[in-house]
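Notes to accompany the following structure.
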2 protein chains.
Amino acid sequence: MKIYIDAMGGDNAPAEIVKGAVEAAREYSVPIVLVGQEKAVRDALDRYDTQGLPIEILHAESVIGFDEEPVKAVRHKKDSSIVVGLQAVKENPEDVFISAGSTGALLVGAQFILGRIRGIKRPGLGVSIPQGEHSLFAIDVGATSDAKAEYLLQYGQLGAVYCEAVMGIPNPSVGLLNIGSEEEKGSMVVKDAHQMLKASGLNFYGNIEAKDIPTARADVLVCDGFTGNIVLKLTEGLMSFIMSELKKSMMSSFKGKIGGLMIKDDLKEFKKQFDAEEYGGSPFLGVKGGVIKIHGSSKSGAVRCAVRQAILFSENDVVGKITARLEKMRDSGEE
Amino acid sequence: MKIYIDAMGGDNAPAEIVKGAVEAAREYSVPIVLVGQEKAVRDALDRYDTQGLPIEILHAESVIGFDEEPVKAVRHKKDSSIVVGLQAVKENPEDVFISAGSTGALLVGAQFILGRIRGIKRPGLGVSIPQGEHSLFAIDVGATSDAKAEYLLQYGQLGAVYCEAVMGIPNPSVGLLNIGSEEEKGSMVVKDAHQMLKASGLNFYGNIEAKDIPTARADVLVCDGFTGNIVLKLTEGLMSFIMSELKKSMMSSFKGKIGGLMIKDDLKEFKKQFDAEEYGGSPFLGVKGGVIKIHGSSKSGAVRCAVRQAILFSENDVVGKITARLEKMRDSGEE
């Protein structure tokens, strides 16, 4: 197994990406391949003592920018770090590719280059929403904007395999994001998906309302990519907004300033508990290979966590397990 | 003008509803009609000195519960506080009805009893999302789960009329909730709505991403009812979750406890700034009358704020202005 990392993707590339790769190679002794412009990556690597570390460089001449149209970029930039990295992963099903670059290009590239697992209608992008001591694995958070009920059913299956294999949760419970707890609530797509999930043999938790996302004790949260993306981004935006407004409120009074200093450690601890990074990045499930998207603003810690996640993804053979589940369903005529 | 208030709706009815009505009658000297079981309302009223206050009671024998199927409940419970209240409002277009009861029954009832304004395809439920000193008026937040692009366009028009008339914002800017800032992003419905809003003559702000909801300086946020409801409920859930987790973090250390005491006032001030209640309830726009939904857990303060909002709604003739705008569009062949 090798972990390929897009050294050029994201706001802090290559410096922070390379730093995280070095830390991960030290901590997990896993072979890491940095994909990117050789000279830039070499310069970044030279700042560390990498003697004896299993780190290689795979040259890729260009980079796909955040503002490029994904399909066009993947087609034309064959020498970009995303395309070169995905091509490398394609050779060996045990390998995993991690990127902080363009989400669109990564998802399009993964589908073009690796292909979908047989039976998968739409691959789904998942992400762990931290809830303190627990977390909720939401899928899809943005791969497909116009969902059908059958995609939602598959997201439930993909999420369940992932939670079981990577997070070690036996028989994970699968909830459905909806605007009410009753089964007749919601859009037509979500109503149909409710019935399909109920009949699927999955450990169906029922509907989950948005107000309960921070506390619901389900393992998987099935949602369409449009709503899932809104949930993810709103959580991110509100969290940082509340923290900054809170700081402003405290800084406006003398007593608040002193109090703020006293709760600084608790605030840090609190923020750490809800740091999505700790759970790694967003796995793209349903394609024939391991693909993990990390945030564009990722620093070395996020890279390190994603490498740990990639190791679990590969060692627990998530792709093989998804393939096997779909085959079993075909055999039993469920599909 | 009279303000009709459902005295039986919500978790704290009739006590808190009646309390809020008394406070509002004192503060705004506006005629208030409490709709509900006469004896229960009278008992609650008797706890206050209402001498000289313009408060009446309109008897309604039954109450529609939160768990009742809305269409059935509205059809069969003709003597419920919601149906009786809406019937009363129907008589006089200047009147407004406020309820903390079943949202479903209120919206269904308003459409059945008051009817839609000519040209309105789907009325929309709006709500102000507080952003500190500013607020964002989101519409629709749950009236219609399966939106079409033309409904979203109308939500933009309804929101703009409301912001201008009730909140006094000249030429309000209208944003569209989407999963990216580029116009080619999003679901098919949202992509079409983007083009329609752009060509509508409204002051179109462009797409608003969920992470920017707490800070975006647009006045109206157009969204489909499913996503809008998710945004509303997630904001509510996260806000209260973060506050309670923060408290827990602080209470776990001695220093944190002391610090917590010192920032207590700032926390209160902070919470007040983001208290949705201050902006009143959720107006249901597009029906032939004033209908305002307040939260099921509303206390007297929320009732008082909703009465202030109802007065502005009536005095600024929101229904008349919506009607006029639709007529103008018909005349110019835009519809």
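Residue B:Ile213 touches chain A through its side chain alone, counting heavy-atom pairs closer than 4.5 Å. For chain B, the nearby parts of A:Val231 are the backbone and the side chain; heavy atoms of each come within less than 4.5 Å. Using a 4.5 Å cut-off between heavy atoms, B:Phe241 contacts chain A through its side chain alone, with no backbone atom that close. Proximity to chain B (any heavy atom under 4.5 Å) is shown, for A:Leu177, by both the backbone and the side chain.
Chain A forms more heavy-atom pairs under 4.5 Å with one residue of B:Gly186, B:Ala147, B:Gly180, B:Gly132 than with any other, namely B:Gly186. In terms of non-hydrogen atom pairs under 4.5 Å with chain B, the most contact-rich of A:Ala210, A:Gly237, A:Gly104 is A:Ala210.
Scanning both residues, B:Pro214 and A:Leu238, for their nearest heavy atoms gives CG-CD2, 4.0 Å.
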Considering only heavy-atom distances, could you tabulate the donor-acceptor pairs under 3.5 Å between chain A and chain B?
{"unit_1": "A:Asp146", "atom_1": "OD1", "unit_2": "B:Met188", "atom_2": "N", "d": "3.3"}
{"unit_1": "A:Asp146", "atom_1": "OD2", "unit_2": "B:Met188", "atom_2": "N", "d": "3.0"}
{"unit_1": "A:Met188", "atom_1": "N", "unit_2": "B:Asp146", "atom_2": "OD1", "d": "3.3"}
{"unit_1": "A:Met188", "atom_1": "N", "unit_2": "B:Asp146", "atom_2": "OD2", "d": "3.0"}
{"unit_1": "A:Ser253", "atom_1": "OG", "unit_2": "B:Asp266", "atom_2": "OD1", "d": "3.4"}
{"unit_1": "A:Ser253", "atom_1": "OG", "unit_2": "B:Asp266", "atom_2": "OD2", "d": "3.1"}
{"unit_1": "A:Lys255", "atom_1": "NZ", "unit_2": "B:Asp265", "atom_2": "OD2", "d": "3.3"}
{"unit_1": "A:Asp265", "atom_1": "OD2", "unit_2": "B:Lys255", "atom_2": "NZ", "d": "3.3"}
{"unit_1": "A:Asp266", "atom_1": "OD1", "unit_2": "B:Ser253", "atom_2": "OG", "d": "3.4"}
{"unit_1": "A:Asp266", "atom_1": "OD2", "unit_2": "B:Ser253", "atom_2": "OG", "d": "3.1"}

